[in-house]
There are 2 protein chains.
Amino acid sequence: MVDNVKQVTLRDISELTGFSINTVSRALNDKEEVREGTRAKILAAAHKLGYRPNRLAKGLRSSKTGTIGVVVTDVANPFFSALVKGIARAARDLDYSIILQDSDEDYAGEEEAINVLLSEQVDGILITPVQSGKQTIERLSESQFPFVLVGRYFQELDTNYVVPDDYLGGFMVTEHLLQQGYKRLAMVNGPLHISSARERFQGFSDALMKYGVPLDESLVVNGALTVEEGIELSRPILKGATRPSAVVCYSDFVAFGVMQAVREIGLSIPDDTAVVGFDDVRMSSCLQVPLTTIRSPKEELGRQAMQLLVDRLEKNHNAGETDKRKLAVELVPRESSLVKGK
Amino acid sequence: MVDNVKQVTLRDISELTGFSINTVSRALNDKEEVREGTRAKILAAAHKLGYRPNRLAKGLRSSKTGTIGVVVTDVANPFFSALVKGIARAARDLDYSIILQDSDEDYAGEEEAINVLLSEQVDGILITPVQSGKQTIERLSESQFPFVLVGRYFQELDTNYVVPDDYLGGFMVTEHLLQQGYKRLAMVNGPLHISSARERFQGFSDALMKYGVPLDESLVVNGALTVEEGIELSRPILKGATRPSAVVCYSDFVAFGVMQAVREIGLSIPDDTAVVGFDDVRMSSCLQVPLTTIRSPKEELGRQAMQLLVDRLEKNHNAGETDKRKLAVELVPRESSLVKGK
DNA sequence: AACGTTCCTGGTAACGTTACCAGTATAGCT
DNA sequence: AGCTATACTGGTAACGTTACCAGGAACGTT
């Protein structure tokens, strides 16, 4: 029940029941050394008054706030909002609160966000790093402050992280195209400072190698994050001399842009040009030509990251070693890459 | 800079500079009664030590935490994540933090979320109410706790709110269809306990009346929120005896579902059946047949709600009267409702 | 020179909670 | 009955901050 809102304190319960504040505190925190009858009376009084512990005071005294800071690069992006959803769910289950910060894919913003979170005395931080710099994360790491990277990581840094297996994803989707018979593969990739962009490219290129198909560097472009960038960056490739028969995109968003560019030129999907994405955003299956993509377990990434962080905080669970997780991804073949008649 | 992470206190600065804790506090809070030289020394020391105020202690003492609670029904929904984005941006600008809770479109979840937020001593709450019950909000209202409803509101409750003009949106999009020559209009609406569903329907029905088109109740169905529900609920209507020539949907999501159902039956959009949505989610323009929709100013809703709340908190700005805002929406006509040759 | 005024600074207490230690009462033992 | 052990309870201090009041120095005024 959302009872009255003014602060009810241990003191009020103490006065109502006649027990000291100490006893009241112990009773409410399930400490053992309280007589059952006493505890019952106190609990009843607490309920009656609508007692709600003051987490500030609790946090100040015990230096555990039960609050986790979360920094994402863009909440409005469905990938990250799904991640946040997973984090929020896990937080509720584990009885933590989350303070959300949006870095807007900006390095200074990330730094500022972390500072605010530290000022808020959060117990730990979950962060999808911007990755245009790594000092911030390095500092956090050196300071021993508990944090977990989610969705992106630094290969060269020894930190906890929970990410999708982007390399394998890149490999799988490329192999899929090759098996479908597509030969001239292009890639409209994200900015290379982002780990997932690098890994997906690596998978892409390794798959080509495995199938003996040479990598045509003129068909690879980097830096696309949005629909618009997908359109802009794919145009030159699609209009170039050696038109690709299939385009691997950094994300579903970018794929939407590429699809638009393809149609703009008058080509059809998938007959003239196959397009594949990454993430499996909700809408990708709703397109008239549904998008082939790699499904990453978005909510699960958030859930596991949260769980990992809390485990570290509460159990001090092998605090020495870092925990690095790459979650399995899944190829979701749809029409945008299916050869007619197959 | 993300400096070292261990807590630096006023005490540390006090010891380093030789001034008392009080003076240090005053200097850092820009109080007037501190000599300039003193202030400079203190600021320098604070910077050197990497001082970061402890917001718990600050909040405990001053009963202002600089933290706002945010409750949404589903962060993973692009409409709400855009809203959160706006809130997060405004929060950063206004120097507030936000604690995010996801009620999962569940009434008990909402109640729980609010209780947690109160326990966190937030200064105020922004909430998109679930609306399957209103007691929670009523209690909040009675208790005088500062809060603002965002995106949804209760017509019968006198509270602050910032919502899109759903009535007008429903009216505009319906009028648009009628002007395009569509006559047999269906509506796949959301659950009627949600204010926006009721208002959009009202706009729909008033527009029909204005144009002298009778409302066919067999073409109206309620309760759709997701893509799947859009598919399921529209099927009977589309397969019914009196097939509609156009379908007004509760949201873009629902419209995606309806579009799928339409194609499934073998009809084409917009020639056989026009489909229009609501919200203008990012992807709606990327479809092969781009979706006509009503654009609601999602980030702006969040921004204004935050601004309103903070104004109330800080300026105690006409605390008596509630502030009710309906933001303008915009018709975005696209192919999914454009008659050939027009 | 004595006085009030202004400006700056420090001391003390408090916000609500919990940790630690000390105290009291009861029970169990000889 | 007297003793120790046990079970429960209360007192005090502290977390880091700010509000309030008081004190002291420096200055100008008469």
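Bear in mind the structure is a predicted one, so any value in this text is a computation, not a measurement. In what follows, every chain begins at residue 1, and chains take the letters A, B, ... in the order their sequences are listed.
- In this entry the distance linking CG of B:Asp12 with C1' of D:dG16 reads 11 Å, nearest Å.
- Distances shown here put a side-chain N or O of A:Lys58 below 4.0 Å from the OP1 or OP2 atom of C:dT18.
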All N/O contacts under 3.5 Å from nucleotides 20-22 of chain D to the protein, with atom names and distances to one decimal?
none

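- Taking A:Arg11 as the reference, A:Thr9, A:Glu15, A:Ile21 meet the side chain to side chain contact (heavy atoms under 4.5 Å, CB included) condition, with sequence neighbours excluded.
- Of the side-chain N and O atoms in A:Thr23, none sit less than 4.0 angstrom from OP1 or OP2 of D:dT9.
- Shown here are the side chain to side chain contact (heavy atoms under 4.5 Å, CB included) partners of B:Lys134, two or more places apart in sequence or in another chain: B:Glu138, B:Phe154, B:Glu156, B:Leu157.
- One finds no side-chain N or O of A:Ser62 lying less than 4.0 angstrom from the OP1 or OP2 phosphate oxygen of D:dC15.
- With hydrogens and angles ignored, a donor-acceptor pair closer than 3.5 Å exists between the side chain of A:Arg61 and the base of C:dT18.
- Between B:Ile42 atom CD1 and C:dC8 atom C1' there is a gap of 11 Å when expressed in whole angstrom units.
- OP1 and OP2 of D:dC15 both lie 4.0 Å or more from every side-chain N or O belonging to B:Asn54.
- By the side chain to side chain donor-acceptor pair (under 3.5 Å) test, A:Glu300 pairs with A:Arg303, A:Gln304, sequence neighbours left out.
- If you check the side chains of B:Glu120 and A:Ser97, you find a donor sitting under 3.5 Å from an acceptor.
- The distance from atom CG of B:Leu60 to atom P of C:dT18 is 12 Å, rounded to the nearest whole Å.
- Looking only at side-chain heavy atoms (C-beta outward), B:Thr38 and B:Phe19 come within less than 4.5 Å of each other.
- Residue contacts for A:Gly18: at a heavy-atom cut-off of 4.0 Å it reaches the sugar-phosphate backbone alone, with no base atom in range.
- For the pair A:Leu16/A:Leu49, a side-chain contact is recorded, criterion being any heavy-atom separation below 4.5 Å from C-beta on.
- A:Leu118 has its CG atom 15 Å from the P atom of D:dG16, to the nearest Å.
- As judged by a 4.0 angstrom heavy-atom cut-off over every strand, B:Thr38 is placed among residues touching the sugar-phosphate backbone only.
- The bend of the helix from C:dA1-D:dT30 to C:dT30-D:dA1, defined by the angle between the axes of its first five and last five pairs, stands at 60° to the nearest 10°.
- For A:Arg92 and B:Asp104, the salt-bridge test passes: some basic side-chain N is under 4.0 Å from an acidic carboxylate O.
- Residues passing the side chain to side chain donor-acceptor pair (under 3.5 Å) test with A:Lys326, sequence neighbours excluded: A:Tyr153, A:Glu199.
- Residue A:Ser25 places no side-chain N or O under 4.0 Å from the OP1 or OP2 atom of C:dT17.
- Between the CZ atom of B:Arg39 and the P atom of C:dC7 there is a distance of 14 Å, rounded to whole Å.
- Salt-bridge formation is not detected for the pair A:Arg312/A:Glu321: no Lys NZ or Arg NE/NH1/NH2 atom is positioned less than 4.0 Å from an Asp or Glu carboxylate oxygen.
- A:Ile21 comes within contact range of at least one nucleobase, with a heavy-atom separation under 4.0 Å.
- In this entry the distance linking CG of A:Leu10 with P of C:dT17 reads 4 Å, nearest Å.
- The pair A:Glu299-A:Lys85 does not meet the salt-bridge criterion, since no charged nitrogen lies less than 4.0 angstrom from a carboxylate oxygen.
- Atom-to-atom, CZ of B:Arg11 to C1' of C:dG11 comes out at 14 Å; the value is rounded to the nearest Å.
- Rounded to whole angstrom, the span from the CG atom of B:Leu28 across to the P atom of D:dG16 amounts to 16 Å.
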